[in-house]
*Asks:* 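Please find one structure pasted underneath; my questions will follow.
Residue indices begin at 1 and follow the sequence shown.
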Amino acid sequence: MHASYTACNDLSVHAHLIHRHNFSYKHPPNLAHLLTSKQTNFTYIFLSMTSFLASSRVPMLLVLVLFTLTSLTGSSLGNFYQDVDIIWGDWRAMILNDGELLNLNLDQASGSGFQSKNEYLFGKIDMRLKLVPGNSAGTVTAYYLQSKGSAWDEIDFEFLGNLSGDPYILHTNVYSQGKGEKEQQFYLWFDPTADFHTYSILWNPQRIIFYVDGSPIREFKNMESIGVPFPRYQPMRIYSTLWNADDWATRGGLVKTDWSQAPFTASYTSFNASNACVWINGASSCDTNNFSPPAWLSEDLDSTNLDKLQWVQTNNMIYNYCTDAKRFPQGFPPECNMY
């Protein structure tokens, strides 16, 4: 969440001008984002189980008991009271609904933010967000992984607000050893303020993949073999903040935050880091004698997901540092020649 902001002055202007007058939501094929796969599977299992038990004349009390047990054991979604700490904004960051919902608020005095209680070294992490609705110009909702220190690693989702009716810009970046400048930006194929949508990061030793509602939008591969640093040595926490960045966020700072619309609110639910290696006292929870490596630790994109990635990058990408010749007059970064 650090140095990318200076680079974004030109990027947000560039991105806005590309599609300012012809934007419409484009939908990639075969993407269902109203329910997560876990919710869909759970609903199907419960309905099937209920039908079977009813036809078998099993008492309804047993059906209800089994439903309760299934809901308790079948969900790996987190509780914000257990999973995060509020780090900024005092009452502007609120955990609600018995820990199932978290709201961040921004007013003219302050923004707000939280961080995960745990640090992670590799993982597949999901969060469902609903972004600031209406006139969100000047605001930034950041959701990212970050390590400590001056040579930090970082994996960024940043949502740049805009005027009512204009699309959000989804800004992504990857830092390793304190160096970023690997920005890609996208328009989403839905209104991210109307409902919750799932934003996921897969981070393993071979690659980083950014997902939106289960569809990959960006892959950053480990290319240390050609001298490109890759974040794989430093554990990172999950952070999210809502803050005012009207000096650069919307059209390069030309559009300022309308404080008459405050407070601005972004909402979070269904945090899931169960598929991640927790870093505790200098050791990973995945480094045990009884540990069987999960599939995500070596996960790659199959042909179906490669097609989805290509679709999103062709139809919804609005900025790619690897094609910005003006920015790199001496030649593109070495990883750009590998894609």
Side-chain angles (χ1 to χ4, degrees), residues 1-2 36 38 72-89 93-104 112-129 141-158 172-178 196 198-211 220 230-242 266-299:
M1 197 184 77
H2 295 277
T36 66
K38 289 185 176 63
L72 289 174
T73 60
S75 174
S76 58
L77 304 182
N79 182 292
F80 285 114
Y81 285 120
Q82 300 170 4
D83 295 331
V84 308
D85 292 317
I86 304 301
I87 56 172
W88 178 42
M94 299 180 290
I95 299 176
L96 306 167
N97 295 359
D98 296 322
E100 294 183 358
L101 177 71
L102 190 154
N103 284 348
L104 293 183
S112 54
F114 65 86
Q115 69 177 30
S116 63
K117 292 181 183 292
N118 290 327
E119 291 181 294
Y120 305 94
L121 187 62
F122 306 127
K124 191 170 186 179
I125 296 165
D126 307 317
M127 184 84 79
R128 288 174 64 78
L129 279 71
T141 305
Y143 160 53
Y144 57 104
L145 287 160
Q146 187 183 69
S147 66
K148 301 174 182 176
S150 58
W152 75 96
D153 294 341
E154 186 173 334
I155 305 169
D156 284 344
F157 276 114
E158 294 175 339
T172 66
N173 204 351
V174 176
Y175 287 77
S176 186
Q177 301 172 25
F196 287 93
T198 304
Y199 303 91
S200 308
I201 295 170
L202 169 67
W203 170 37
N204 66 32
Q206 296 82 37
R207 58 190 43 82
I208 295 163
I209 305 174
F210 297 78
Y211 290 89
F220 184 82
F230 186 84
R232 68 185 185 100
Y233 301 103
Q234 302 185 70
M236 296 195 269
R237 291 187 192 276
I238 299 158
Y239 295 86
S240 191
T241 55
L242 173 59
S267 300
Y268 302 73
T269 190
S270 304
F271 170 59
N272 183 6
S274 62
N275 294 314
C277 300
V278 179
W279 189 259
I280 305 173
N281 298 324
S284 169
S285 62
C286 295
D287 294 337
T288 66
N289 293 331
N290 297 323
F291 176 72
S292 178
W296 62 260
L297 201 53
S298 58
E299 184 173 331

*Asks:* Look at the aromatic rings of Phe80 and Phe114 and report parallel, tilted or perpendicular, splitting at 30° and 60°.
*Replies:* perpendicular

*Asks:* Could you check if a side-chain atom of Ser267 sits within less than 4.5 angstrom of a side-chain atom of Leu129, using non-hydrogen atoms only?
*Replies:*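 They are not in side-chain contact.
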
*Asks:* Write down the atom of Met127, the atom of Tyr268, and the distance for their closest heavy-atom approach.
*Replies:*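 Answer, listing the atom of Met127 first, then Tyr268: CG-CD2, 3.9 Å.
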
*Asks:* Is the shortest side-chain heavy-atom distance between Tyr143 and Ile125 below 4.5 Å?
*Replies:*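 Yes, their side chains come closer than 4.5 Å.
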
*Asks:* Of the non-hydrogen atoms in Pro205 and Arg232, which two are nearest, and what is the gap between them?
*Replies:*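 For Pro205 versus Arg232, the nearest heavy atoms are O-CD, 4.3 Å.
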
*Asks:* Are Ile86 and Ser112 close enough that some pair of their side-chain heavy atoms sits under 4.5 Å apart?
*Replies:*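 Sidechains of Ser112 and Ile86: no contact.
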
*Asks:* Check whether any side-chain heavy atom of Tyr233 lies under 4.5 Å from a side-chain heavy atom of Asp153, and answer yes or no.
*Replies:* no

*Asks:* Is the closest basic N to carboxylate O distance between Arg207 and Glu299 below 4.0 Å?
*Replies:* no

*Asks:* For a 4.5 angstrom cut-off between non-hydrogen side-chain atoms, does Tyr211 reach Tyr199?
*Replies:* no

*Asks:* Please check if the number of heavy atoms outside Lys117 that lie under 6.0 Å from its NZ is greater than 12.
*Replies:*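 Yes, the 6.0 Å shell around NZ holds more than 12 heavy atoms from other groups.
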
*Asks:* With a cut-off of 6.0 Å (strictly less than), are more than 12 heavy atoms of other residues, nucleotides or ligands near CG of Asp98?
*Replies:*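 Atom CG in Asp98 is not packed in, count stays at 12 or less.
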
*Asks:* Is there side-chain contact between Leu102 and Leu96, with at least one heavy-atom pair below 4.5 Å?
*Replies:* no

